[in-house]
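This report refers to the structure that appears directly beneath it.
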Amino acid sequence: MDVMSDPILDPLNPEQRAAVTHGDGPLLILAGAGSGKTRVLTHRVAYLIRDLAVPASAILAVTFTNKAAKEMRERLDRLVGKERLAELTVGTFHGFCARLLRREGPLVGIDRSFAIYDEADQRAVLRQAMAETNASEKVFAPGAISSVISSAKNELKGPADLAASPKGQLDRIAAIVWKRYDELLRDNNAVDFDDLLLLACRVFETSDRALEKWQDRYQHILVDEYQDTNRAQYVLLRYLAGFKQNLAVVGDDDQSVFSWRGADVRNILDFERDYPNAKVVKLEQNYRSTQRILDAAHSVVRNNAARKEKKLWTDRQGGSDIVVMQAYDESHEAELVAREIERLQREGEAHGTRDVAVLYRTNAQSRAIEDTFRAFGLAYQIVGGVSFYQRREVKDTLAYLRLIRNPQDAFALARVLNTPPRGLGDKTRAALLAAAREHEISVGEALEKAEMITTIPRRQQDALISFGKVMTRLRSAGGQLALPRLIDELVALTGYQTYLKDGTEEGEERWANVQELRTLAEDYIALPQEEQLPSFLEEIALVSDVDEYQEAKPAATLITMHAVKGLEFPVVFMTGMEEGVFPHIRAIDSGKESELEEERRLCYVGITRAKDRAYLTYARRRSLFGHTNMNPPSRFLMELPSEGVELRGDIETEERDSWADLDWERDRTRYEERKQARRDAMLAGLPAAWTGRATKQRTAVDHETRFRAGDRVLHPSLGEGMVVSSVARDDDEEVTVAFPDKGVKKLMASFAKLARAESPLGR
DNA sequence: CCATCTGCTTTTTTT
DNA sequence: AAGCAGATGG
């Protein structure tokens, strides 16, 4: 080895090095996709320790997912070694806040043994809060109320703030429900995800002593994906950074895709204003993709008005063309993808299925792909969707464990009280809760003292008492047994094992999942006995979908465009490139340019995941929950560059033959008829004032149009373009056409001399 | 109290 | 298409 070689600084380009070696004070690293931001973060940590003599224990690195945290830890292991690594704090925002609250919780009225409620628990609490405050679920969807509360919490507001300036009836109701919702959470010694951040901020707001303590503890803070931070996270970092402002953040405004979750791009855009001494470093060299891929991604994202202009570059000039494929429907689309994967493997292009990712906008789209891949015998792994931890049997087992740890957790109790069936229904549960409240003890304690509940029938009381005895035994076992053994005891004593193993195949599968959970628990046996259960429950509460992704698994990865952020693959398929699917219908319907721009950034994120090859596919018809739609190709396809993109409409002759049998016109007419019938049915139930609008729409539909979405047309001056949509207007036709270089134009058919172009995508 | 049936909502994205 | 809440009958 070279005497002068330096593993920390040598592998860096000049910009990366500038970021890594920056000393004290705020640092903003604008890191484009694939520009080595994780490398910069980890090398900076190593540099701080080695060259600036910062103690490892004084460094905090925060990420959004456990996966990202884990990756950082792995790289740091190589750079700074095990011992230093153990002293570092590397974790997610939520994980860090949870740890903080385990120590400082009492300052803000939280017991140290609080439970973290997931979405399902949250929903149960919310519904109870709604019932108790007489908020009708018919009028206000729990989901809507929940999202109002969540965004308000992310903005560090309380129910009173919301009540003080409501934007509508929903806000007013939400404020009332919220108050009760929070009380219920506290009664159950529980917090939700948003509380973790909110309460952590409140700790610092409340206690100068705590603030100083934590500020002293961390001399340097590093933050990944800063563009995704919300108000609470922003404030938390401001608190922690204190006067020193040794805060290094990495991010990319083009990859901001979580505004719906409260993320505020302004945090990164205004960093220099918030921290006036900030040093700014831009990383624009991409080490991942070919120039073709970068050009395509840029050509799409540059259509956003609200962005800082920048362009990535790479040494990898040229590269394979971007491929756009048209399919008949979603299963045909999946088939095209499967065949292409097989072809790539056959021709040695992809080393294995693990090189491939199939992306989609919504989880629901994975189904068609799964089915087809299974039929093709192609190995795949799904990231997200219904995760392991959401399975009923896993949640049940966890609920038992939660109840053992936290006897106040009434929602965990509700889940397991009658699972397996013990003849304990709503009435009995209500009596149990009432007894607990009356004697001012937890529900868990009330259960173990069920003899005193006399308001219920003998039979129920007996069942309650015997279940109480089981829980007493389990609680004492919890203090002595290693975690996996505790799980064994639990499933045996409660009868859950017998209940699951009902002889059916499904039962076996469920039982296998419980065993899988037990295997996961084995990881905790090295910890001191009393910490095993708490750590286990905490980590499980904070796992995310991406965390389940296994790099080494020899299988194609099926994943949403959101979850794929931060990953990379040699070959990427982006499916469902249709208006209404991607961009999502809700973004279109919102009428907000900002929402469409977020979809476009998502498209950018998707394309830039690809190292060597990117495919974009769309289907002419798509069945998504219930009925079939014929969506025009996505506007993002029109935004691809005119060069370096290959359009494939006829992949294999077989398909073309089967397509020839399809009567597009007939299908379309039928579909329109059905749609009209539905609309009529709906309108029949509406006041007369509404129907005027529908009549107009009907005449519009009646008139046949000459052009249809997907058609290629030639314009005398604008050149060749693709029809986005065509609507009948009076006696004319208004055609919206996307021209590769000139953008999207609205034209009147009779006026603009549009000619049909030989369509490379047609049949 | 439990099992079964029916009709209804749900789904955009997630820590 | 499917999972779930609410209704119904045992």
Side-chain angles (χ1 to χ4, degrees), chain A residues 62-69 91-98 116-120 122-124 127 131 137-138 141-144 146-147 150 153-154 191-198 225 228-230 232-233 256-263 330 359-368 371 383-387 389-390 392 417-429 456-457 459-460 463 539-548 559-565 576 580-590 595 598-599 601-603 605-606 623-628:
Chain A
V62 207
T63 63
F64 274 82
T65 65
N66 293 303
K67 165 127 197 349
T92 63
F93 272 102
H94 290 83
F96 173 75
C97 291
I116 301 168
Y117 274 10
D118 70 6
E119 230 161 300
Q122 253 181 69
R123 201 185 146 83
R127 295 189 63 200
E137 287 190 23
K138 295 240 157 58
S146 167
S147 87
S150 173
K153 282 188 176 183
N154 287 155
V191 302
D192 65 19
F193 286 134
D194 302 317
D195 282 338
L196 290 171
L197 304 172
L198 171 82
E225 307 272 19
D228 288 335
T229 50
N230 61 30
Q233 285 153 337
S256 153
V257 292
F258 286 109
S259 73
W260 51 273
R261 219 179 80 193
E330 68 274 5
L359 315 188
Y360 34 81
R361 177 69 227 292
T362 63
N363 280 121
Q365 287 165 255
S366 73
R367 193 179 189 88
D371 290 348
V383 178
V386 181
S387 83
Y389 297 102
Q390 285 167 29
R392 206 177 61 206
L417 186 61
N418 203 34
T419 319
R422 300 183 176 94
L424 300 170
D426 289 345
K427 280 261 163 61
T428 318
R429 190 175 73 229
I456 49 173
R459 181 189 259 272
Q460 269 65 246
E539 282 192 39
I540 279 173
L542 296 174
V543 287
S544 69
D545 287 342
V546 237
D547 302 335
E548 294 167 42
I559 191 169
T560 65
M561 310 226 189
H562 281 90
V564 82
K565 193 152 71 110
V581 176
F582 189 37
H584 195 272
I585 184 73
R586 284 172 79 140
I588 299 175
D589 282 352
S590 79
E595 292 203 16
E598 179 145 325
E599 297 283 306
R601 289 193 292 271
L602 194 56
C603 185
V605 168
S623 308
L624 215 58
F625 75 114
H627 45 254
T628 307

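Atom CG in A:Leu197 sits about 8 Å away from atom C1' in B:dT15, given to the nearest Å. Rounded to whole Å, the distance from CD on A:Gln122 to C1' on B:dT14 is 11 Å. Protein atom CD of A:Glu598 is 14 Å distant from nucleotide atom P of B:dT13, rounded to whole Å. One interatomic measurement links the two molecules: CZ of A:Arg392 to C1' of C:dC4, which rounds to 12 Å at whole-angstrom precision. When the C1' atom of B:dC1 is taken as reference, atom CG of A:Leu424 falls 10 Å away, rounded to whole Å. Put simply, CZ on A:Phe64 is 14 Å from P on B:dT14, counting in whole angstrom units. Atom CZ in A:Arg127 sits about 9 Å away from atom C1' in C:dC4, given to the nearest Å. For A:Leu602 and B:dT13, the CG to C1' distance is 7 Å, given to the nearest whole Å.
Between B:dT15, B:dC1, B:dT14, one nucleotide has an atom nearer to the side chain of A:His562 than all others, and that is B:dT14. Which of B:dT14, B:dT15, B:dC2 sits closest to the side chain of A:Asn418 comes down to B:dC2. Taking only side-chain atoms of A:Lys427, from C-beta outward, the nucleotide of B:dA3, B:dC1, B:dT11 with the closest atom is B:dC1. Ranking B:dC2, B:dT15, B:dC1 by closeness to the A:Phe193 side chain, first place goes to B:dT15. Counting only heavy atoms from C-beta on, A:Thr92 has its side chain closest to B:dT15 among B:dT13, B:dT15, B:dC1. Side-chain proximity of A:Ala563 to B:dT14, B:dT13, B:dC1: nearest is B:dT14.
A sub-4.0 Å separation between OP1 or OP2 of B:dT15 and a side-chain N or O of A:Asn154 is absent. Within the structure, a side-chain polar atom (N or O) of A:Thr428 is placed less than 4.0 Å from OP1 or OP2 of B:dC1. Residue A:Arg422 has no polar side-chain atom (N or O) positioned under 4.0 Å from OP1 or OP2 of B:dC2. Under 4.0 angstrom from either OP1 or OP2 of B:dT15 there lies no side-chain N or O belonging to A:Asn66.
Position along DNA chain B of the nearest nucleotide to A:Pro142 versus A:His94 favours A:Pro142 as the more 5'-ward residue.
Residues A:Asp228 and A:Lys565 meet the side-chain proximity criterion, which asks for heavy atoms closer than 4.5 Å. By the 4.5 Å heavy-atom criterion applied to side chains, A:Val257 and A:Glu599 are not counted as neighbours. Considering only heavy atoms from C-beta on, A:Trp260 comes within 4.5 Å of A:Glu598 through its side chain. Looking at A:Phe193 and A:Leu542, their side chains come closer than 4.5 Å, going by heavy atoms from C-beta outward.
Distance noted for atom P between B:dT13 and C:dC4: 16 Å (whole Å).
Where stacking is scored as ring centres under 5.5 Å apart with planes under 30°, A:Trp260 registers as stacked on the base of B:dT13.
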### Task
Quick one: do A:Thr428 and A:Gln460 satisfy side-chain hydrogen bond (donor to acceptor under 3.5 Å, both in side chains)? Show the steps, please.
CA-CA 7 Å; A:Thr428 318; A:Gln460 269 65 246; 5.1 Å; no

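The aromatic rings of A:Phe258 and A:His562 lie tilted to each other, with the angle between the two planes from 30° to 60°.
Within the 4.0 angstrom heavy-atom criterion, no nucleotide atom of any strand lies near A:Arg459.
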